[in-house]
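Take a look at the structure below.
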There are 2 protein chains.
Amino acid sequence: MFRRLIESLEVLGPLTSGEREAVESLGAVSRPFAPGAELVAEGDAPAHCRLLLEGQAFRHRTLADGRRQIMSFHTPGDMIDLEGLFLPMDHGLTALTAGEVLHLPHARLLDLMDSHPRVGRRFWTMTLKDAAIFREWILNIGRRTAYVRIAHLFCEVVVRLQRAGLVDNGRCAFPITQQHLSDATGLSAVHTNRTLQALRGEGLLSLRGGELVVLDWPGLQAAGEFDSSYLHLRESAA
Amino acid sequence: MFRRLIESLEVLGPLTSGEREAVESLGAVSRPFAPGAELVAEGDAPAHCRLLLEGQAFRHRTLADGRRQIMSFHTPGDMIDLEGLFLPMDHGLTALTAGEVLHLPHARLLDLMDSHPRVGRRFWTMTLKDAAIFREWILNIGRRTAYVRIAHLFCEVVVRLQRAGLVDNGRCAFPITQQHLSDATGLSAVHTNRTLQALRGEGLLSLRGGELVVLDWPGLQAAGEFDSSYLHLRESAA
DNA sequence: GTTGCCGGCTTACATAGGTTAAGGTGCGGC
DNA sequence: GCCGCACCTTAACCTATGTAAGCCGGCAAC
């Protein structure tokens with residue numbers, strides 16, 4: 001049950017056995033969820049943090065008139081509301097697929113981090129990596145054309161799913177609708193459809209029945225002007 | 001010299017005198033900078049964190065062909081490269097005005113946070129608030145029209161400058177060019193000019209000679225669909 | 001005081017992307 | 001085996017925003 005969490009923490013280098021034990025005794029509870037479930041609502045002040053064990057989710061905010069913006073996608077191993085530890089949630093989290101979250105009580109988590117500062121730093125670093133991704137999205141939406149923007153998004157998703165071990169030979173489950181894609185890229189649904197067809201037409205990918213298939217990875221990266229360094233996949237903590 | 005830092009940390013509630021002393025003995029050095037100075041370069045792996053003591057700066061990334069995206073503006077009291085503590089900088093920081101930064105050595109900072117976990121949490125919370133602002137910018141750029149988008153940006157800047165005590169009767173120093181404004185909002189310079197004239201035409205603000213004057217604050221907030229809750233101005237740490 | 005430059009402003013024109021509306025397709029429910 | 005619904009697709013048209021080019025005013029350098 002803690003495998004995902006330990007793995008996520010150890011991206012930044014191995015933990016000591018004492019640290020690992022401390023993490024494992026957090027008193028966490030796991031909970032299944034259904035596709036489309038609201039995992040965290042805008043305005044919540046949760047009493048525990050959620051680790052995504054299985055499945056996918058996304059972060060979003062909706063304006064009064066219904067326009068929605070998706071701010072990130074999440075894959076197993078991600079802490080999806082770590083910021084809720086200190087701030088009320090200013091956005092919601094919704095499940096894309098069925099899956100499972102692990103609930104880590106705030107109080108226990110804070111104690112753990114106080115007594116094991118190195119572990120605390122790793123949680124902090126997770127939120128810093130999220131922030132780096134937010135910045136990349138600002139750049140993507142602000143300065144790239146629809147075609148490049150969508151390609152870039154797919155590149156990011158594939159790399160992250162791959163790291164979670166969920167890509168098999170270029171194929172992965174990624175059940176988004178074109179509306180989701182529009183809301184993530186700041187485009188209209190119609191234009192997203194047009195652009196997606198262009199990407200398909202170039203033989204770069206296919207997205208159907210909830211499955212994303214990358215047909216030409218170098219081509220997709222080029223189309224998305226993609227450079228994964230902002231994901232900080234290999235950085236280790238001090 | 002530490003006034004700004006202590007103030008920033010105490011937004012989240014008072015520190016104990018022990019904590020305050022520990023912060024004050026960080027061995028920090030202050031450095032002046034000129035307008036346009038590159039405070040942190042993309043790719044840097046700094047050995048200290050910078051607190052903005054005086055002046056303004058902005059965070060940005062430039063693409064190969066010269067397109068630039070500004071990701072945030074910063075005011076005195078902000079830690080501008082706290083993420084550099086754990087990750088190499090994936091973007092640069094440039095001075096907008098003349099000013100001064102305080103250098104806090106990473107090693108000392110890490111020791112401080114290990115021995116005073118409550119102080120560590122507050123630094124962490126600062127980066128979480130930055131992340132909340134990044135998310136708001138994603139929404140702003142992705143889902144709002146040029147007019148609303150620019151108005152929203154000015155609202156944010158004014159609120160933050162106000163909190164730093166730099167707004168006097170609606171007037172504040174904010175020496176950005178229209179090009180800066182374009183790069184922050186993802187618009188072209190020409191369209192930024194048009195839109196700015198519309199805002200002026202509505203009697204909402206004036207921006208000239210490096211000075212921003214808010215002429216109609218309620219009107220500007222309405223135009224920017226602005227709700228400051230994402231800035232988490234009053235949240236206190238656990 | 002001329003020169004050069006930067007930032008602001010304008011105009012004319014081009015286009016990426018939005019809007020509206022309608023038809024098609026697959027699929028679960030009954 | 002039909003219905004309804006969610007999603008995808010297409011088409012026609014529109015407009016917000018981008019591009020290219022040039023001018024103007026102020027100010028710093030010499």
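In what follows, every chain begins at residue 1, and chains take the letters A, B, ... in the order their sequences are listed.
- Think of the region where chain A sits on DNA chain C: with heavy atoms and a 4.0 Å cut, that region ends 5' and 3' at C/dG17 to C/dT20.
- The side-chain contact (heavy atoms from CB on, under 4.5 Å) search around A/Arg67 returns A/Leu63, A/Asp65, B/Arg143, B/Arg144, B/Glu225, not counting sequence neighbours.
- The side chain of A/Gln178 places an N or O atom within less than 4.0 Å of a non-bridging phosphate oxygen (OP1 or OP2) of D/dT9.
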Per-nucleotide protein contact string for nucleotides 13-25 of chain D, where B marks a base within reach and S marks sugar-phosphate only (heavy atoms under 4.0 Å, - for neither): ----BBBB-----
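- Side-chain atoms of B/His91 and B/Arg59 include a donor-acceptor pair closer than 3.5 Å.
- Without hydrogens or angle criteria, A/Thr97 side chain to A/Gln56 main chain gives a donor-acceptor distance under 3.5 Å.
- In the model, B/His60 has a side-chain atom that pairs as donor or acceptor with a side-chain atom of B/Thr94 under 3.5 Å.
- Fit an axis to the five pairs at each end of the helix from C/dG1-D/dC30 to C/dC30-D/dG1 and the two axes sit 50° apart, to the nearest 10 degrees.
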Can you check nucleotides 26-28 of chain D for protein contacts, nitrogen or oxygen pairs under 3.5 Å, and list what you find?
none

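- In summary, the side chains of B/Glu136 and B/Asn140 do not present any donor paired with an acceptor at a separation below 3.5 Å, with no hydrogens or angles considered.
- A search for ring-ring contact (aromatic ring centres under 6.0 Å, His included) contacts involving A/His180 returns A/Phe58, not counting sequence neighbours.
- A distance-only check finds no donor-acceptor pair linking the side chain of A/Asp78 to the backbone of A/Ile80 [under 3.5 Å].
- The salt bridge (charged side-chain N to carboxylate O under 4.0 Å, His left out) check on B/Glu7 picks up B/Arg3, with sequence neighbours excluded.
- Among the protein residues, B/Arg200 comes within range of the sugar-phosphate backbone only, with heavy atoms under 4.0 Å from sugar or phosphate atoms but none that close to a base.
- Under the side chain to side chain donor-acceptor pair (under 3.5 Å) criterion, no residue pair touches residues 34-46 of chain B, with sequence neighbours excluded.
- A straight line from CG of A/Asn193 to P of D/dT10 spans 7 Å, rounded to a whole angstrom.
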Under 3.5 Å between N/O atoms: give me all the protein pairs with nucleotides 4-6 of chain D, atom names plus distance.
none

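- Applying the salt bridge (charged side-chain N to carboxylate O under 4.0 Å, His left out) criterion to A/Arg149, with sequence neighbours excluded, gives no partner residue.
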Throw together a table of side-chain donor-acceptor distances under 3.5 angstrom for residues 161-171 of chain B, partners on residues two or more places apart or in other chains.
{"residue": "B/Arg171", "atom": "NE", "partner": "B/Glu211", "partner atom": "OE2", "Å": "3.4"}
{"residue": "B/Arg171", "atom": "NH2", "partner": "B/Glu211", "partner atom": "OE1", "Å": "3.4"}

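- Two rings, from B/Phe174 and B/Phe73, have their centers less than 6.0 Å apart.
- In this structure, A/Asp183 atom CG and D/dC7 atom P are separated by 12 Å, rounded to whole Å.
- Judged as a side chain to side chain donor-acceptor pair (under 3.5 Å), the pairs with a partner in residues 197-208 of chain B (not counting sequence neighbours) are, in order, B/Asn193-B/Gln197.
- Counted by atom type alone, A/Asp90 and B/His232 present one or more donor-acceptor pairs between their side chains at under 3.5 Å.
- A/Leu153 and A/Ala184 get closest at one heavy-atom pair: CD2-CB, 4.0 Å.
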